[in-house]
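Note sheet for the following structure.
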Protein chains: 2
Amino acid sequence: MSVTIKDVAKKAGVATSTVSRTIQDSPSISEKTKQNVRRVMKEIGYRPNLTARGLVNQTTQTIGVILPVSQGQAFQNTFFLSMIRGISKACNEKKYMVSIASGTTEEELLESIQTMAEGGRVDGFIVLYSKKDDPIIEYLHQEKVPYAMIGKPYKYENEMLYVDNDNITAGKDAANYLLQLGHQKIAFIGEDTKQMVIRERLKGYAQALEDAGLQVDQELILDVTLSEAAYRKKMQQLFGNGDFPTGIVASDDLIALNMSYLLSSFGLKIPTDVSIIGFNNSIFAEKSQPELTSIDLHTDSLTSQTVYQLIELMEGKQTLAVKIILPHQIIERQSCKRKVE
Amino acid sequence: MSVTIKDVAKKAGVATSTVSRTIQDSPSISEKTKQNVRRVMKEIGYRPNLTARGLVNQTTQTIGVILPVSQGQAFQNTFFLSMIRGISKACNEKKYMVSIASGTTEEELLESIQTMAEGGRVDGFIVLYSKKDDPIIEYLHQEKVPYAMIGKPYKYENEMLYVDNDNITAGKDAANYLLQLGHQKIAFIGEDTKQMVIRERLKGYAQALEDAGLQVDQELILDVTLSEAAYRKKMQQLFGNGDFPTGIVASDDLIALNMSYLLSSFGLKIPTDVSIIGFNNSIFAEKSQPELTSIDLHTDSLTSQTVYQLIELMEGKQTLAVKIILPHQIIERQSCKRKVE
DNA sequence: ATATTTAAAGCAATCGTTTGCATTAGCAAA
DNA sequence: TTTGCTAATGCAAACGATTGCTTTAAATAT
């Protein structure tokens, strides 16, 4: 088989405990012995067996990432993959590993989470979505499995760890930015207005309009997950005639980008005819033409903070239900312009 | 802490070995005893500790998924996430778990793969990309770690397990389809022509043109990963005047979709002015307007086949270096039309 | 009734680590 | 020299399962 701690011990002429202690750089082993042991380890290519270590330590150094049961929805993709990537990165740094939990049905997902948790395969979980009456959250909470959420919890808000942006204010800021540029008729385009994030941004958008003494017009709110046909129809209604919105708050850069393509098919140009602002300050925002004004949400910190905090929690160093709200920031580029009367 | 096999044994009044054997439904335990033990297990909520089991079995029932070191590239996203989802699904079914291996640099990725493999955290890997002179592949191969690739290997093609489509033929078929509809000036739009998949589709496209006695014009080949500015300029060149291509082979449905938006900004309509065919037969293809003709690559089978084969390999039931080439199929919808002279 | 076979269950070693406690060696103090 | 410390190492018992082998008990054959 592979080389074990015993092989190292034998070759170095010491006990396995000594090897184990030099791995941990324990002060009770003399520097001379340590060096010798380290040399042997390198020589015969030893790597500790994490399973064995996990068995005695009752810890696995791995974090489970919970994806929502797949709904085949379009633009979420970008989000989840970048979350996985970010979590992965932060975990690497902390010498943790990451496992994926997903399922076709909710029951399947729960079952798989239970095996992972109670089977001792992970030390804790990061939940990448938020929904009402979620049995998964219920389970994690009841069983006191360490977990963190990226996003805003529906329940247990004051009893759990989560990392999020202030999406209401972010939405408000986006709308205000356009208002302040003189736009009055401002549309909101969201990927899936059932999602918590989008709802919050929408809420902020509505607040900003109200605060400015404007009426919130449901006709100006579009849900991209409508069937393509319905969506096109609404687009036609909105932009097919002279009285079109001159400002758009798009819930995501990709949506904004798509809008800009769509608008050109109506003969409208950005920012000359329409100003548009997106969220995420993604790579698309910088690279598109014209460059897109976008709200930076520090998504990198979203993942890294979550990982760090969760690790604290799992290692018992931290038992408080911290919530971390990351700041946002408008990155001004070329897609918004003062309205000319 | 949590309930172990000993607790079950004690409560049921049997030895741990008996409990272990009833879990495995061994015939050497009487039905009566088994039922009693099962009752107790349920009663006290026992779940086997996978770490302990892994230690004795020298197996972990988990598959590592290797993502490429992130290049921040756009449209790949869709692909990787759907692969992760698919693998996850197939693994669930087979009672396997999935771990993610990723890294910021190649060294980091390799290191993390080594800890996973030699630390006994995974039984094997699925590699989600293919590149030249890849140290990761080199490592897996030298160390005889079980692995499979989704896509076409650069090296060891005859010594390893991989699952792929015949992308050359697929590309050829796409182009032929347009040729056969009477189109002569056909463009190829790819996400990143350095990728193996895209290169193969491009190759097929070129072959089809040559077979039809047409010259392959480099001006008609576009790489979406060009800087936005350069890309727009090329688009302008291609579609900004009367002599535009009337057929487009797009390396992905999303690309095709974007093209269709872009074309409308040039006042061109699909399929009236331009016919377009995509790859993947994704949800976008069905939902877009007009519905998109696309080549179905059976991506679900791509992941499930890979998982099944890899499991066979890991469990030692299969030692041959199988390669599985999945068929493809043109799904005709509304985005292509016979050219009118 | 005794010997033989077989079915069912238990014993104890094992997987590769970690860690509390015991042991040893080396040296200074008495 | 003997005693007492301390620093450095080793011993062996965990961790929670699995499994080869032994034992027990029951059933069958003689």
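The structure presented is a predicted model; accordingly, all values stated were derived computationally and were not measured. Chain identifiers are assigned alphabetically (A, B, ...) following the order of the sequence lines, protein sequences preceding nucleic acid strands; residue numbering begins at 1 within each chain.
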In whole Å, I'd like the distance from the [atom1] atom of [X] to the [atom2] atom of [N].
{"X": "B:M41", "N": "D:dA17", "atom1": "CE", "atom2": "P", "answer": "11 Å"}
{"X": "B:I5", "N": "C:dA9", "atom1": "CD1", "atom2": "C1'", "answer": "14 Å"}
{"X": "B:R53", "N": "D:dT19", "atom1": "CZ", "atom2": "P", "answer": "10 Å"}
{"X": "B:I44", "N": "D:dG16", "atom1": "CD1", "atom2": "C1'", "answer": "14 Å"}
{"X": "B:Q61", "N": "D:dT18", "atom1": "CD", "atom2": "P", "answer": "12 Å"}

Any residue meeting side chain to side chain contact (heavy atoms under 4.5 Å, CB included) with A:V322, in chain and number order, not counting sequence neighbours: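 Per chain and number, A:V322 pairs via side chain to side chain contact (heavy atoms under 4.5 Å, CB included) with A:L161, A:Q309, A:Q318.
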
Test: [X] and [Y] ion pair at under 4.0 Å:
{"X": "A:K323", "Y": "A:D164", "result": "no"}
{"X": "A:R85", "Y": "A:D300", "result": "no"}
{"X": "B:K144", "Y": "B:E118", "result": "no"}

Per-nucleotide protein contact string for nucleotides 9-15 of chain D (B base, S sugar-phosphate only, - none; heavy atom under 4.0 Å): BBB---B

Whether B:Y156 and B:H141 hold their rings parallel, tilted or perpendicular, with breakpoints at 30° and 60°: parallel

With B:E143 via side-chain hydrogen bond (donor to acceptor under 3.5 Å, both in side chains) - residues at least two apart: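 None.
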
side-chain N/O B:Q24 vs D:dT19 OP1/OP2, d < 4.0 Å: yes

